[in-house]
Amino acid sequence: MATKVKEIVDAAAPTNGSPLISNDKLKQLYATMIKCRTLEERARVLFKQSKFTGNYYAAVGQEAAAVGTAIDLRVEDTIGPSHRDFITGFIKGAPLDKMFCHLFARENSPDKGRSSPAHFGYAPLNVITPASTIAAQLNIATGVALANKMKKNDNIAVAYSGDGSTSLGFWHEALNFAGVHDLPIVFVCQNNLWAESVNLQFQTKVPDISVKAAAYGFPGITVDGNDVVAVYRVAQEAIARARRGQGPTLIECKTYRWYGHSEIDPAKYRDPEEVERWKAKDPIAGMERYLMGKGLFSAEWKQGIVDGFNKELDAAIEIAEQSALPQGVEALDHVYSFSIRERVLEPKVYEPEY
Amino acid sequence: MATKVKEIVDAAAPTNGSPLISNDKLKQLYATMIKCRTLEERARVLFKQSKFTGNYYAAVGQEAAAVGTAIDLRVEDTIGPSHRDFITGFIKGAPLDKMFCHLFARENSPDKGRSSPAHFGYAPLNVITPASTIAAQLNIATGVALANKMKKNDNIAVAYSGDGSTSLGFWHEALNFAGVHDLPIVFVCQNNLWAESVNLQFQTKVPDISVKAAAYGFPGITVDGNDVVAVYRVAQEAIARARRGQGPTLIECKTYRWYGHSEIDPAKYRDPEEVERWKAKDPIAGMERYLMGKGLFSAEWKQGIVDGFNKELDAAIEIAEQSALPQGVEALDHVYSFSIRERVLEPKVYEPEY
Amino acid sequence: MALVTYISAITEALREEMRRDERVFIIGEDVGVEGGVFKATKGLYEEFGAERVIDSPLAEGVIVSAAIGAAMAGLKPVPEIQFSDFITPAMDALTQQAAKLRYRSGGTQTCPLTLRVCYGGGVGGGLYHSQTNTTWFAHEPGLVVVAPGTVADAKGMLKAAIRQDDPVIYFEHKKLYRSIKEDLPDGDDFVTDLFKAAVRREGKDLTLVTYGWTLQLSLQAAEKMHAETGAEIEVVDLRVLNPLDKDTFLESLAKTGRMLIVHEDHKTLGIGAEIAAIAAEQAFDCLDAPIVRLTAPDVPAIPFSAPLEKFYLPSVEKIVDAATKLLNY
Amino acid sequence: MALVTYISAITEALREEMRRDERVFIIGEDVGVEGGVFKATKGLYEEFGAERVIDSPLAEGVIVSAAIGAAMAGLKPVPEIQFSDFITPAMDALTQQAAKLRYRSGGTQTCPLTLRVCYGGGVGGGLYHSQTNTTWFAHEPGLVVVAPGTVADAKGMLKAAIRQDDPVIYFEHKKLYRSIKEDLPDGDDFVTDLFKAAVRREGKDLTLVTYGWTLQLSLQAAEKMHAETGAEIEVVDLRVLNPLDKDTFLESLAKTGRMLIVHEDHKTLGIGAEIAAIAAEQAFDCLDAPIVRLTAPDVPAIPFSAPLEKFYLPSVEKIVDAATKLLNY
Ligand SMILES: Cc1ncc(C[n+]2csc(CCOP(=O)(O)OP(=O)(O)O)c2C)c(N)n1
Ligand SMILES: Cc1ncc(C[n+]2csc(CCOP(=O)(O)OP(=O)(O)O)c2C)c(N)n1
Ligand SMILES: [Mg+2]
Ligand SMILES: [Mg+2]
């Protein structure tokens, strides 16, 4: 059932009955990718400057996979991000100041400074606040999809995971359940060949993760994850299937992370040549060439996007820097629907009554 | 990669280079099946007579799957049984008196009366004492297979599970790991269409469990699990592959349990017609016809086996009935490699020293 | 008023809440067509259909996780774990997801669900059909853990749990299912406070703290001792294991000066450890005697063979014994 | 003699045991090529090869289960869990398989393995890279749970664990890795008793029971108080959390009459609950004051932002505070 879409095809030519991709959409795909890149490169600089600490996992090099799958989601659709999917929140529309308040662990971040930098959630847009447990978000997103099906609406869920995540039982349980109930969900697996220092060959015997969908009775498709047009088209079909109530799809995006696993990982376990080979397949440069070919690209246009976005970033970072850190005692909040402050801070002492 | 062996083929005709099955082996397969049936039907009577209590899960109707896969294992090979695989211990050669002492939870059972009736383990023959957690035995057997590979011997492991077990993450993790390391293990999935009251269609979207092997990069094969010759041949190939260091195989045996999930389950969730249809496919009657066709069967021969075996059963049951129950205090033993009796029975009391 | 068993109180609570609120649904192994292996969900599949009474695949992790997601999306899931012994595949979903979602999202995302878990021994279930395992969850802030010990609570606490805006684990003791009956008021507004322990029997000589099946044993032991010696034992039913209602048992201790804790779980880090530690910290001056725990011994689980199980489990005799010694201290 | 860090003591122990016994092997995420995310297995892949230092798939359940099977087959596995926060997928393997195999097989089948688990907070790891989670396993008879707090123990207890004929979970605190150094004797026979607590500092006024990173804080607090007030605090390092060595801390309590328990895990059912409960039961007459627990508060996990983390964690100041109050009781 696994099929492959591997070459950049002419996006204008409709396949499988999917409609033409408009020029505006093509430009939006590019613009969003370059914003994601700019956002994360800025975050990396801020990390190096110790403006924030903790774990951050950049998706630089993988933007096509995130943008192509998340760009057209509705507010009501749910995203279940993994650790490397900070940018999916941005793509879905989260305000930049919220995102930087989060990175800087400020009191006014959506999670009030509780979660790690990489774990950005945003309730107003139905972005699930991630936990670290790999693959757990797939199961939770599956539950959201179950609720959408029960509510008979056509909202969907998109859940992200990496190649490494496919080894965990949770991954399997989610896909199996979604398959049994034909749930409106799209599983996006970003196969970047590495799980920290572990190469795919020690993760699983199969080179194409999409074949695993066969075990669950729904389509699995491998797509060049650095080709945003291909990813977008495949995603559109999967999303449409899900909205029509025809069940899940597993999309494997073959891609590559440019940097270490997190900002403190020099990634010496990788052959520098492999890194160079993949950098040459930069999804942004590829899309630039593609747009150029269609006369949709100019250096000024690009510069305009980058400059404008950098200003937005400056403003957001400024807000985050000005924002206060939480008070220590707030650590006691949001444990339950009721407060436990009093119980912890003022334990009663009992005297004999008799 | 999943292939199917569904019809009874002439066992004498070698396929895929596997050798002829001797007449003696054919007769042994039959004799072992009928012994398994006799053993379990006796156990069921004893249960109804309240000679023992607890959970017992009869494999009546599924004998071909167990016998065909376990009959030729060596002492050094390991079996990882699930809850419905009491008879695999017998097939591997466990003494009947040990098995009944176990059912009767006597002091001299291999586990000294600790485990449930269905959970028979036997260290001298490398039968892993089961836990209830579904699919856990697959992972442990996988570890044994890893050890065998590391020790560079050609012993293998055979791990049993049911259709229901395939939904659990543990099932997936075991098969994936075995695939990555080409481990010497055979996974036997007895697909009897039901997991307690849950039909296969609510368990997984795919009708053939063997297709799931594709996710792990090794062969999966569906075989008529009520055809002991077919099962035996498929198992022989899988076992030989494993011994040669060529990695795991998933064998799906399509079969059916005749009775309830356990002895207290009337199994009203099943259509009586379905039950009758499957009873008509009785693996023992089928093999009887097959042997008859080859002139290897006679009613006297069969009666001789049954009578002889019933005597063995009588003797074993007698031993078990005569055997003592454990002393209560033995509940404190075998927690660690050292005794904790003293620590529990005689806690010290401290007085002030100052 | 009607005389009902513990298990039919559960069924009734589920039915009433499902009728009352269409967001409530059930998911678990064998809960649908079969009505549950103990028949706790009997009749609900027939009344509410396969959409609201879902026979799940054999995967506790996804049973709980799907419930978490559905709860985030506004439904009110009541997942079931068939035996507490099989809760391990859901360990991540419970402790890392459900318990921490509200906290990690700064209160912006929540998953109010009610997980029913059948637990406990004494029915010859052996190692893997008798476990308690409440400690794993009582130790996790963010989870509410309750364990009703009476028929009224079986009903009222389940209904309250379903309406509660937090993830609740509801531990139901399988030996209680059909062994106790109570008269219950009819009507669907029978909801109990989830967060308060209860004094089930008043007394001035000794505070006995317990929950679940051992509540029944403890009450019998208290009656027996009263009949034989006139001793007045106050029996406190914990009801909620997380967050603990300390005040009820500490107030009782302030009155009696002596505390005996009884539970079926083994000793080390059973809930009794926390009760004793709280008492030794917050009511030290009330103590006239050592705080005694009568529990199962520290072995891996309830062994199958009858004499082993008997040795393992608390009993009325063992309770009388321990209480008598403590009274004579 | 050589001055070594806690983490290099771990590496050395592994290297020595692997040289000594070819049945010893390592399996875990990133333990091979990378030498572990904290570099605890650095150099071992180079010395012993991919067969004995196995980079596993991302699946903690199979890491532990494969070790169980390999141990049954006679090998001596030393699996690793990268962060205690990610131990949940191995919950079944640990509590239902490893802990119960010997018991359920009547002593005929065993799985001696040593699971190394990196745990603890205070390094800005946030909710999911700081957890302790020792309670889940300290509560499970059949498992040995140790948590070395010194460099010598990091080495000696790991070697002892590998040679021990039981499943051992070895909890190593990530904040200790590079923050403490000790002179250690060379040679491969440096093996420590796994089952005894240790008095790290003698004193007659108060018994402070702790383990792991808070041992360091407690020793500092004790020195500080001694310098400032002359108070003599006896510091007991638990070392083993299951089965507990009660005698060491009870003997100390018999001498001092006062007990303060300090740990980083949150309060409810942290190991301190069991210590306090044992003391209140077995050494009641020794008690001159309430048993006090200084722990993290009962919230789901260590929050990320620095002020929140600081509020959460025990510190020298908090210990001095609690000890002073208790001395003045
Ligand atoms: C259950 C669990 N085990 C281990 C980890 C530690 N960990 C975090 S990310 C990661 C690798 C993930 O690899 P992959 O799924 O390929 O995603 P990528 O980092 O390549 O995007 C690991 C092992 C974890 N977060 N959860
Ligand atoms: C983790 C876990 N969940 C639930 C159970 C309860 N249970 C025991 S057997 C069974 C059904 C197993 O079905 P299948 O794997 O098809 O085997 P079969 O009984 O048909 O042989 C269930 C749900 C269990 N033992 N372990
Ligand atoms: Mg990856
Ligand atoms: Mg089945």
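All values below come from the heavy atoms of this structure, side chains included, with hydrogens, waters and symmetry mates left out. Computed from a predicted structure; not experimentally measured. Below, read A as the first sequence line, B as the second, and so on, with proteins coming before strands; counting in each chain starts at 1.
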Mind ranking A:Leu345, A:Asn55, A:Thr133, A:Asn199 by heavy-atom pairs under 4.5 Å with chain D and telling me who comes out on top?
A:Asn55
Under 4.5 Å from any heavy atom of chain A, what part of D:Gln131 do you find: side chain, backbone, both or neither?
neither
Taking all atoms of both residues into account, what is the closest heavy-atom pair of D:His129 and A:Ser132, and its distance?
CE1-OG, 3.3 Å
Smallest heavy-atom separation, A:Arg114 atom then D:Leu308 atom, equals CG-CD1, 4.4 Å
For the candidates A:Ser197, A:Gly54, A:Ala195, A:Gly164, which exhibits the highest count of non-hydrogen atom pairs separated by less than 4.5 Å from chain D?
A:Ser197
Looking at D:Ser305 and A:Leu325, what are the two nearest heavy atoms and their distance?
OG-CD2, 3.7 Å
Considering all heavy atoms of both residues, which atom of A:Leu332 and which atom of D:Phe311 are nearest to each other, and what is their separation?
CG-CE2, 3.7 Å
With sequence neighbours left out, the residues meeting salt bridge (charged side-chain N to carboxylate O under 4.0 Å, His left out) with D:Arg116 are D:Glu80, D:Glu172
What part of D:Asp30 lies closer than 4.5 angstrom to a heavy atom of chain A: side chain, backbone, both or neither?
both
Are D:Pro89 and A:Phe170 close enough that some pair of their side-chain heavy atoms sits under 4.5 Å apart?
yes
Need one label for D:Val33: side chain, backbone, both or neither, based on atoms under 4.5 Å from any heavy atom in chain A.
side chain
Looking only at heavy atoms, what is the nearest atom pair of D:Leu127 and A:Ser115, with distance?
CD1-OG, 3.9 Å
Of all the heavy-atom pairs spanning D:Ala59 and A:Ser167, show the shortest one and how long it is.
CB-O, 3.6 Å
So for D:Tyr312, is it side chain, backbone, both, or neither that comes closer than 4.5 Å to the heavy atoms of chain A?
neither
Before giving the answer on side chain to side chain contact (heavy atoms under 4.5 Å, CB included), spell out for A:Thr53 and D:Phe304 the whole-Å C-alpha distance, their side-chain angles and the decisive distance to 0.1 Å.
CA-CA 10 Å; A:Thr53 59; D:Phe304 178 74; 3.8 Å; yes
Sequence-distant partners of D:Arg15, salt bridge (charged side-chain N to carboxylate O under 4.0 Å, His left out), two or more places apart:
D:Glu12, D:Glu47
Point-to-point distance, once rounded to the nearest 0.5 Å, from CG of D:Leu58 to CH2 of A:Trp171:
13.0 Å
